[in-house]
Amino acid sequence: MEDRIDMENKRHNIVIDDAWFTVSELDEATYAISEFGHWEKVHSYLLLGSERAALIDTGLGIDNIRRMTDQLTDLPIMVLTTHVHADHIGSHGQYDEIYVHEAEEDWLVSGIKKLSIEQIRKDISRDITRPVPASFNPATYTPYQGRPTGLLRDGDEIELGNRRLVIYHTPGHSPGHIAVLDTSRGYLFTGDLLYDETPVYAFYPTTSPEDLVRSLERIAAIEGVTQIYGGHNRIGLPPELLEVVREAARELKEKDLIRFGTGIHRFDGFSVQF
């Protein structure tokens, strides 16, 4: 784990090295808030505009991410939910303004579909390598539930003040998954649609391999991307990966691996598990 932190230190300026969170400065107004002490290596992203800020996801909920954002900005913060899985909505309850895609509003209000609380607690508590706060009890851990401030739809534009975000509906990993394009910088925040090192999952009861491949094709066609920021593992992937994604989607469709494939399909820079 220390080797991993050292590597991230070399790639990005770490501005907060907290007992649980690691905050990396991606530029003067963009931060990755990482949870490297958990096996999922989850990242949330804080984007500062001149008028308000957007927080893309709120992490695992093992510790309170609000402690980090309060140190980084005094701007009002809106939470943009890439998707309603426990590792991305953990600190939603710490914020007043929460947005989610309309296809997962009910998940946020009533609970994550087709995933037992026993499985969630097992996943959230295993392979932890950093000390957790005393407030964290895996036996009673419960994902956030609550009514969102508003709903997101494909093509929505969000103005932060000199910084515009565009919402892309990218289902597959979950029905209401979104990606967020920061048009001012060319940053593409892909949540669990695209990251490296471990597979992108599409074998759960609520996933759709067909939708996942269509969503990968769609983001591969976005112009002007300068950097890709996924929800797990390495912080920052080169835009050239999108061409690999385009070819991978074509291969998956041509070989009918979407319909018949099982196991892990590996490509140059990422992998998909159906």
Qualifying residues under side-chain contact (heavy atoms from CB on, under 4.5 Å), relative to Leu75, sequence neighbours excluded:
Leu48, Ala53, Thr73
Test item: His232 and Asp87 side chains (from C-beta on) under 4.5 Å apart, heavy atoms:
yes
Would Asp154 and Arg218 pass as an ion pair if we require N to O under 4.0 Å?
yes
4.5 Å side-chain heavy-atom contact, Phe267 and Glu251
yes
Residues that Asp106 engages under side-chain contact (heavy atoms from CB on, under 4.5 Å), provided they are two or more places apart
Ser110, Lys113
Carboxylate-amine/guanidinium contact Arg185 Glu28, below 4.0 Å
yes
For the aromatic rings, using the six-membered ring if either is Trp, is the centroid distance between Phe270 and His265 under 6.0 Å?
no
Pairwise side-chain hydrogen bond (donor to acceptor under 3.5 Å, both in side chains) hits with a residue in residues 221-231, at least two apart:
none
Would you check if the side chain of Ser44 reaches a backbone N or O of Gly59 as a donor-acceptor pair within less than 3.5 Å?
yes
Heavy-atom distance under 4.5 Å between the side chains of Ile33 and Thr69, does that happen here?
yes
Arg266: which residues meet the side chain to side chain donor-acceptor pair (under 3.5 Å) condition with it, sequence neighbours left out?
none
With rounding to the nearest 0.5 angstrom, report the NE2 to CG distance, His43 to Leu26.
10.0 Å
Under 3.5 Å donor-acceptor, Ser91 side chain and Gln94 backbone
no
Heavy-atom nearest pair, Gly269 first then Leu241, reads CA-CD1, 4.0 Å
Report the C-alpha distance between Leu252 and Phe274 in whole Å, list the side-chain angles of each, state the deciding distance to 0.1 Å, and finish with yes or no for side-chain contact (heavy atoms from CB on, under 4.5 Å).
CA-CA 11 Å; Leu252 289 167; Phe274 294 154; 4.0 Å; yes
Would the Phe189 and Tyr45 ring centres measure less than 6.0 Å apart?
yes
Could you go step by step and tell me if Val244 and Leu242 meet the side-chain contact (heavy atoms from CB on, under 4.5 Å) rule?
CA-CA 5 Å; Val244 177; Leu242 293 178; over 6 Å; no
CG (Leu216) and NZ (Lys253) are apart, to the nearest 0.5 Å, by 11.0 Å
Establish whether Leu160 and Ile178 are linked, either directly or via other cluster members, by ILVMFWY side-chain heavy-atom contacts under 4.5 Å.
yes
Give a yes or no on whether the backbone of Val42 and the side-chain of Glu35 come within a donor-acceptor separation of less than 3.5 Å.
no
When you group the ILVMFWY residues by side-chain heavy-atom contacts below 4.5 Å and let the links chain together, are Phe203 and Val272 in the same group?
yes
Shared hydrophobic cluster, Trp107 / Ile56 (ILVMFWY, side-chain heavy atoms < 4.5 Å)
no
Worked check of side-chain contact (heavy atoms from CB on, under 4.5 Å) between Gln145 and Val109:
CA-CA 5 Å; Gln145 288 181 223; Val109 173; over 6 Å; no
If you group Ile, Leu, Val, Met, Phe, Trp and Tyr by side-chain heavy-atom gaps below 4.5 Å, do Ile222 and Tyr195 land in one group?
yes
Value rounded to 0.5 Å, distance of CG in Leu181 from CZ in Arg164:
8.0 Å
Glu104: which of Ile112, Leu151, Val84 passes side chain to side chain contact (heavy atoms under 4.5 Å, CB included)
Val84
Judged by modelled atom types alone, do Asp27 and Tyr187 share a side-chain donor-acceptor pair under 3.5 Å?
yes
Can you name the closest pair of heavy atoms from Pro143 and Ala86 and give their distance?
CG-CB, 4.1 Å
Does Tyr99 offer a backbone N or O that forms a donor-acceptor pair with the side chain of Thr81 under 3.5 Å?
yes
When you measure from the centre of the six-membered ring of Trp39, is the NZ or CZ of Arg126 under 6.0 Å away and within 45° of the axis?
yes
Using atom types as modelled and distance alone, determine if a side-chain donor or acceptor of Ser208 lies under 3.5 Å from a backbone N or O of Asp211.
yes
Close side-chain approach of Val245 to Leu194, heavy-atom, < 4.5 Å
yes
Same apolar cluster (I L V M F W Y, side chains within < 4.5 Å links), Met68/Leu60:
yes
Between Thr82 and Gly191, is there a donor-acceptor pair closer than 3.5 Å when you use the side chain of the first and the backbone of the second?
no
Glu102 versus Leu152: any side-chain heavy-atom pair under 4.5 Å?
no
Got a donor-acceptor contact below 3.5 angstrom from the Glu97 side chain to the Met78 backbone?
no
If you define the side chain from C-beta out and look only at heavy atoms, does anything of Asp156 sit under 4.5 Å from Val166?
no
First locate atom OH of Tyr204, then atom CG of Leu115, and finally report the distance between them rounded to the nearest 0.5 Å.
7.5 Å
Spell out, as yes or no, whether a donor-acceptor pair under 3.5 Å connects the side chain of Ser24 to the backbone of Asn13.
no
With salt bridge (Lys or Arg N to Asp or Glu O under 4.0 Å) as the test, pick out the partner of Arg130 among Asp63, Asp18, Asp17.
Asp17
I'd like to know whether CG of Asp127 has more than 12 heavy-atom contacts from other residues, nucleotides or ligands below 6.0 angstrom.
yes
Answer yes or no: is there a side-chain heavy-atom contact under 4.5 Å between Ile62 and Trp20?
yes
Short side-chain donor-acceptor distance under 3.5 Å, Asn233 and Thr198
yes
Hey, is CG on Asn137 packed in by over 12 heavy atoms from elsewhere, all under 6.0 Å?
yes
Verify, without hydrogens or angle tests, whether Thr207 (side chain) and Ser174 (backbone) share a donor-acceptor contact under 3.5 angstrom.
no
For residues Arg52 and Glu159, report the shortest heavy-atom separation together with the two atoms involved.
NE-O, 3.1 Å
State whether the number of non-hydrogen atoms from other residues, nucleotides or ligands found under 6.0 Å of Asp268 atom CG is greater than 12.
no
Looking only at atom types and distance, does a side-chain atom of Gln273 sit under 3.5 Å from a main-chain N or O of Ala202, one as donor and one as acceptor?
no
Residue pairs passing the ring pair (Phe, Tyr, Trp, His ring centres under 6.0 Å) test where at least one lies in residues 47-87, sequence neighbours excluded
His83-His85, His83-His88, His83-His173, His83-His177, His85-His173
Hey, what do you get for CD1 (Ile219) to CZ (Arg246), rounding to the nearest 0.5 Å?
10.5 Å
CG on Leu237 to CD on Glu197, rounded to 0.5 Å:
8.5 Å
Determine, step by step, whether Ser184 and Asn162 satisfy the side-chain contact (heavy atoms from CB on, under 4.5 Å) criterion, reporting the C-alpha distance in whole Å, the side-chain angles of both residues, the deciding distance to 0.1 Å, and the verdict.
CA-CA 8 Å; Ser184 68; Asn162 299 321; over 6 Å; no
With a 4.5 Å heavy-atom cut-off, do Leu108 and His92 have their side chains touching?
yes
Please list, chain by chain and in numerical order, all residues satisfying salt bridge (Lys or Arg N to Asp or Glu O under 4.0 Å) with Arg250, sequence neighbours excluded.
Glu247, Glu254
Identify whether the distance between the nearest side-chain nitrogen and carboxylate oxygen of Glu217 and Arg214 falls below 4.0 Å.
no
